[in-house]
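Structure record follows, encoded as structure tokens.
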Amino acid sequence: MKTLKTTLAIILMVLATAVYGQSTKQIAEFNNKPIVEVSINGKKAWALLDTGTDFTIINSGSKKRLSFETYPYKNDKYKVAVIGDQSLQFEVAGKLDLMLGNSRLYGAILSCNMNNVVNSIKDKTGKHISMIIGLNMMKHHNFVIDLGEGTVSVPQQLHVNTDTEGRLSIN
């Protein structure tokens, strides 16, 4: 009986992997620049998808409107040289629920004052972004960005579960 359960578990995992790899859902559209609508703590906001930056960064200037918190991060790992001797110090953003379509996005989110970037993008696109979603988060969630079609898709997540009696289910 145990061999049968193990065999079934392996078959379900293979099937789930096959479905996971093929099942994507378009969750956002954009024009010219990959700027997509997101929800941050239940409030509408705009995010720039930036494959040129590793980190996901939220504008500290949006803290009050989007109801998130920041915490000091005392590590030079998140300190970036800007011009000359100046550097930009990041904080860690917390109490932040980030949604892209129906997909909840997880991962490290840093915060800093990026008003200059926000204003520059607004001047060029008319969109007032609140954050930049970086490559690490996009890779973690397997984003598919189609620049030709102007769409963003994220594979649907399937979960294979076993209960206390070893019965399998897929959600």
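Taking 4.5 Å as the limit, some side-chain heavy atom of Val118 sits within range of a side-chain heavy atom of His128. Contact check for Thr53 versus Ile132: side-chain heavy atoms found under the 4.5 Å cut-off. Two residues are said to be in side-chain contact when any heavy atoms from C-beta on lie closer than 4.5 Å; Asn59 and Asn113 meet this criterion. The closest side-chain heavy-atom distance from Met99 to Leu105 is not below 4.5 Å. Side-chain contact between Ile57 and Met131 is absent, with no heavy atoms from C-beta onward closer than 4.5 Å. Counting heavy atoms from C-beta outward, Val38 and Val36 have side chains that approach closer than 4.5 Å. Glu37 has its side chain within reach of Lys44: a pair of non-hydrogen atoms, C-beta onward, lies under 4.5 Å apart.
Here CZ of Phe68 is found 9.0 Å from CD1 of Ile109. Values are rounded to the nearest 0.5 Å. A distance of 7.5 Å separates CG in Leu48 from NZ in Lys33, rounded to the nearest 0.5 Å. To the nearest 0.5 Å, atom CD1 of residue Ile35 and atom CD1 of residue Ile133 are 11.5 Å apart. Separating the CE atom in Met114 from the OG atom in Ser62 is a distance of 7.5 Å, to the nearest 0.5 Å. The structure places OG of Ser120 at 12.0 Å from CG of Asn115, a figure rounded to the nearest 0.5 Å. Taking CD of Glu69 as the reference point, atom OG of Ser111 lies at 11.5 Å (rounded to 0.5 Å).
With hydrogens and angles ignored, the 3.5 Å screen pairs a side-chain donor or acceptor of Thr125 with a backbone N or O of Ile121. One N or O on the side chain of Asn41 and one on the backbone of Lys95 form a donor-acceptor pair closer than 3.5 Å. Without hydrogens or angle criteria, Thr56 side chain to Gly134 main chain gives a donor-acceptor distance under 3.5 Å. Between the His141 side chain and the Tyr106 main chain, a donor and an acceptor come within less than 3.5 Å of each other.
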> Does the pair Ile40 and Leu96 meet the rule for a side chain to side chain contact (heavy atoms under 4.5 Å, CB included), with working shown?
Replying inline: CA-CA 7 Å; Ile40 300 171; Leu96 195 148; 4.0 Å; yes
>> Evaluate Glu91 against Leu110 for side chain to side chain contact (heavy atoms under 4.5 Å, CB included), listing each step before the verdict.
In response: CA-CA 6 Å; Glu91 294 183 300; Leu110 303 176; over 6 Å; no
> How far apart are the C-alpha atoms of Val152 and Phe143, what are their side-chain angles, what is the distance that settles it, and do they pass the side chain to side chain contact (heavy atoms under 4.5 Å, CB included) test?
Replying inline: CA-CA 7 Å; Val152 179; Phe143 278 37; 3.9 Å; yes
>> Between Ser67 and Lys43, does the side chain to side chain donor-acceptor pair (under 3.5 Å) criterion hold? Intermediate values first, please.
In response: CA-CA 9 Å; Ser67 306; Lys43 297 175 179 102; 2.9 Å; yes
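Taking every heavy atom of both residues into account, Ile58 and Ala93 meet most closely at CG2-CB, 3.8 Å. Pairing each heavy atom of Phe90 with each of Cys112, the nearest pair is CE2-SG, 3.4 Å. Residue Ser130 comes nearest to Arg65 through the heavy atom pair OG-NH2, 3.3 Å, listed as atom of the first residue, atom of the second, then distance.
Among Asp54, Leu98, Leu49, Leu100, the one residue that satisfies the side-chain contact (heavy atoms from CB on, under 4.5 Å) test with Met137 is Leu98.
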